[in-house]
Every structure is written in C-alpha cells, then in structure tokens.
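Report on one structure; see the data block that follows.
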Amino acid sequence: MIRDNKLYSGFVNHDYILTFSIADEAKRARLVELCAGPWQGDQVVPNTWEISNDLSPDQMERAILDLMGDDDHAAYYYRSDAKRLFRVMLG
C-alpha cells in the first residue's frame, strides 16, 4: 500500500500539546516563534504544537496568557508524573 505523507501518527514525544486561537497577528507570531524556537516544538497543524521546555505548567500558563487578548483562546495538555493527562483551558 502506498502511504501518502500527509498523515502522521505516532507517540507524543514532547512535554506539552498546545492549541490556540489568537487574533492579534503579532502576538500569534510571537507564540509561534516561541513554539518553534526555545520551546523546541513540532507543528502539528497551524495552531497546534507539540512542545518541550523547562517551564512548569504555571509558568507555561503565564507565558501564554501574556500573548492573549480578551477574545483569544488556548488550551494545553501535559502529562504529570503520575502519567495522567491534564488539560488547561485559557480564555
């Protein structure tokens, strides 16, 4: 069977999964810059990233909130040491 390279599956190899909707173009670009750069992310789709960084969930939340406006939304998921998956909704 020929596999089209548009579909990718596998294990999540990062600390966080972040999805967001940010209207302000400059703030959205800054968040993408963080995801692609220091947060060592892999883009899943345009507004969803798998990322790894040294931030605690609280620090991660503050970093994202600093880039959000009143009508923006974001959610991130992270796995705890107990192997539970937590979702944090922002906005």
Side-chain angles (χ1 to χ4, degrees):
M1 179 167 120
I2 297 174
R3 177 181 171 93
D4 82 21
N5 287 329
K6 294 179 184 175
L7 300 176
Y8 299 96
S9 301
F11 293 101
V12 173
N13 294 315
H14 293 276
D15 301 321
Y16 295 97
I17 299 171
L18 169 65
T19 188
F20 55 88
S21 173
I22 297 179
D24 183 276
E25 188 175 324
K27 289 181 178 183
R28 185 175 59 250
R30 176 66 182 134
L31 186 53
V32 168
E33 180 183 303
L34 286 169
C35 291
W39 290 356
Q40 305 170 44
D42 292 320
Q43 187 177 40
V44 178
V45 294
N47 293 326
T48 301
W49 288 75
E50 293 179 4
I51 54 180
S52 293
N53 59 37
D54 294 332
L55 300 179
S56 71
D58 289 336
Q59 293 169 321
M60 180 78 164
E61 184 172 330
R62 282 192 296 275
I64 297 167
L65 284 171
D66 286 345
L67 297 170
M68 291 178 61
D70 292 337
D71 295 327
D72 296 336
H73 302 282
Y76 66 90
Y77 299 79
Y78 67 96
R79 188 178 59 223
S80 74
D81 292 336
K83 304 218 187 274
R84 292 184 179 169
L85 191 64
F86 290 91
R87 177 185 66 215
V88 178
M89 302 291 291
L90 307 171

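Worth knowing before you read on, the calculation uses all heavy atoms, side chains too, and leaves out hydrogens, waters and symmetry mates.
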Under a 4.5 Å cut-off applied to non-hydrogen side-chain atoms, are I64 and Y76 in contact?
yes

Less than 4.5 Å apart, any side-chain heavy atom of M60 and any of W39?
yes

So salt bridge (Lys or Arg N to Asp or Glu O under 4.0 Å) across residues 67-78, not counting sequence neighbours, yields none

Rounding to 0.5 Å, atoms CD1 (I17) and CH2 (W49) come to a distance of 14.0 Å

Kindly work out whether a path of hydrophobic side-chain contacts (I/L/V/M/F/W/Y, heavy atoms less than 4.5 Å apart) joins F20 to L65.
yes

Do you know which two heavy atoms are closest between G41 and I51, and how far apart they sit?
CA-CG2, 3.6 Å

Show the nearest heavy-atom pair for residues M68 and K27, with the distance to one decimal.
O-NZ, 4.3 Å

Ring geometry between Y16 and Y78 (parallel below 30°, tilted from 30 to 60°, perpendicular above 60°)
tilted

Enumerate donor-acceptor pairs with a distance under 3.5 Å from any side-chain N or O in residues 28-36 to protein atoms, sequence neighbours excluded.
unit_1 : atom_1 : unit_2 : atom_2 : d
R28    : NH1    : I22    : O      : 2.5
R28    : NH1    : A23    : O      : 3.2
R30    : NH1    : E33    : OE2    : 2.6

Please identify each residue that fulfils side chain to side chain contact (heavy atoms under 4.5 Å, CB included) with D58, with sequence neighbours left out.
S56, R62

Among residues at least two apart in sequence or on other chains, which ones pass side chain to side chain donor-acceptor pair (under 3.5 Å) with S21?
none

